[in-house]
Amino acid sequence: MKKYRVIQWGTGQVGTGALRGIIENPQLELIGVAVYSKEKNGKDAGDLCGLPPTGIRATTDRASLLAMQADCVSYNGVAFSGDPVVDEVESILLSGKNIASSAILKPSKNVPGRHGDVNTVRRLEAACQKESVSYFVSGLDPGFATDVLPLVLSGVCQRIEFAHVTEIMDYTTYLNAYAII
């Protein structure tokens, strides 16, 4: 069985769960962990997500992670920091790594704003094409609960009279969670 070499990028609320999933999946080999805080720098990946030690130390050194030969980066970085996030995602793609993410940074030609503007979309598409890599975004953040889940659930129904989905989140505390990623 081929093992896919994975770097976990970010260990906040979502990234910690992703890290645990990577460590526990026999088809995945964790080779690096990117963190944003000095407090997490140097800690064992297992300690960061409540599992036994792995021997993989988290780092704030982006260059060392970008130099690694990885099949994929599980990106759960700082979702609300604007252009620096686009720069970070682009640098990962240009290092020849695929990205799978549930972060809010989902460039879309149909969504206005900094992360969805046409230049951002073109920039990340160009990075993907240059390195023959992919950038896949899914999950609860963004869209799973309001976009994909209703479609999946409709597949088990014989008749649909209406579908009403409401996603509510208190973002007043959400930004604070990313301060310690």
Side-chain angles (χ1 to χ4, degrees), residues 1-106 115 124 127-128 131-145 148-149 169-181:
M1 165 180 18
K2 175 180 171 48
K3 280 194 165 201
Y4 295 94
R5 298 169 50 88
V6 180
I7 297 171
Q8 174 56 45
W9 207 284
T11 57
Q13 292 173 311
V14 176
T16 298
L19 178 59
R20 192 176 305 110
I22 293 166
I23 292 169
E24 292 179 332
N25 188 326
Q27 289 184 292
L28 304 177
E29 177 187 357
L30 180 69
I31 63 168
V33 178
V35 292
Y36 291 87
S37 69
K38 292 177 187 174
E39 295 78 23
K40 292 182 181 180
N41 190 42
K43 289 196 175 184
D44 188 278
D47 294 336
L48 290 173
C49 66
L51 293 176
T54 63
I56 305 296
R57 299 278 174 203
T59 184
T60 56
D61 179 3
R62 301 295 184 264
S64 68
L65 295 168
L66 294 175
M68 291 180 165
Q69 296 299 313
D71 296 302
C72 185
V73 169
S74 170
Y75 184 84
N76 303 106
V78 181
F80 295 102
S81 63
D83 291 334
V85 175
V86 176
D87 294 341
E88 186 169 70
V89 168
E90 181 183 45
S91 70
I92 295 167
L93 294 169
L94 289 173
S95 74
K97 295 167 185 62
N98 297 291
I99 295 178
S101 179
S102 66
I104 201 150
L105 176 64
K106 181 182 180 186
H115 294 150
L124 297 180
C128 287
E131 296 299 323
S132 296
V133 294
S134 61
Y135 176 47
F136 175 77
V137 180
S138 182
L140 289 173
D141 183 8
F144 175 77
V148 178
L149 186 58
M169 182 163 183
D170 179 4
Y171 280 99
T172 60
T173 61
Y174 199 73
L175 288 175
N176 294 334
Y178 283 99
I180 58 168
I181 290 180

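- Shown here for Y36 and T60, the closest heavy-atom pair between the two residues is C-CG2, 4.4 Å.
- Side chain of R20 to backbone of L51: no donor-acceptor contact under 3.5 angstrom is found.
- Rounded to the nearest 0.5 Å, atoms CG (L30) and CZ (R5) are 10.0 Å apart.
- Note that CD1 of I22 and CD of Q8 are 4.5 Å apart. Values are rounded to the nearest 0.5 Å.
- Under the 3.5 Å distance criterion, the side-chain polar atoms of D44 are matched with a main-chain donor or acceptor of G55.
- I23 approaches C49 most closely through the heavy-atom pair CD1-SG, 3.7 Å.
- Using a distance-only test at 3.5 Å, with no hydrogens or angles considered, no donor-acceptor pair links the side chain of T11 to the main chain of T16.
- The distance from atom OG1 of T59 to atom CG of D61, rounded to the nearest 0.5 Å, is 4.5 Å.
- A18 approaches S74 most closely through the heavy-atom pair CB-OG, 3.8 Å.
- With hydrogens and angles ignored, the 3.5 Å screen pairs no side-chain donor or acceptor of K43 with any backbone N or O of A58.
- In this structure, K97 NZ and S91 OG are separated by 9.0 Å, a value rounded to the nearest 0.5 Å.
- Heavy atoms only, all atoms of each residue included: Y4 and D71 are closest at CA-OD2, 3.3 Å.
- Panel note: side chain N98, backbone V133; no donor-acceptor pair is recorded below 3.5 Å.
- Side-chain atoms of I99 and L93, non-hydrogen and from C-beta on, do get closer than 4.5 Å to each other.
- The shortest side-chain heavy-atom distance between L48 and V35 falls under the 4.5 Å cut-off.
- With rounding to the nearest 0.5 Å, the separation of CG in L66 from CD in E88 is 8.5 Å.
- Atom CD of Q69 is separated from atom OG of S95 by 9.0 Å, given to the nearest 0.5 angstrom.
- Contact between A70 and I31 at its shortest, heavy atoms only, is CB-CD1, 3.7 Å.
- Inspection of the Q13 and N76 side chains reveals no N or O donor paired with an N or O acceptor under 3.5 Å.
- Nearest heavy atoms, A100 versus C72: N-SG, 3.8 Å.
- Using a 4.5 Å heavy-atom cutoff, the side chains of R62 and W9 are in contact.
- The shortest distance between side-chain heavy atoms of V33 and I7 does not fall below 4.5 Å.
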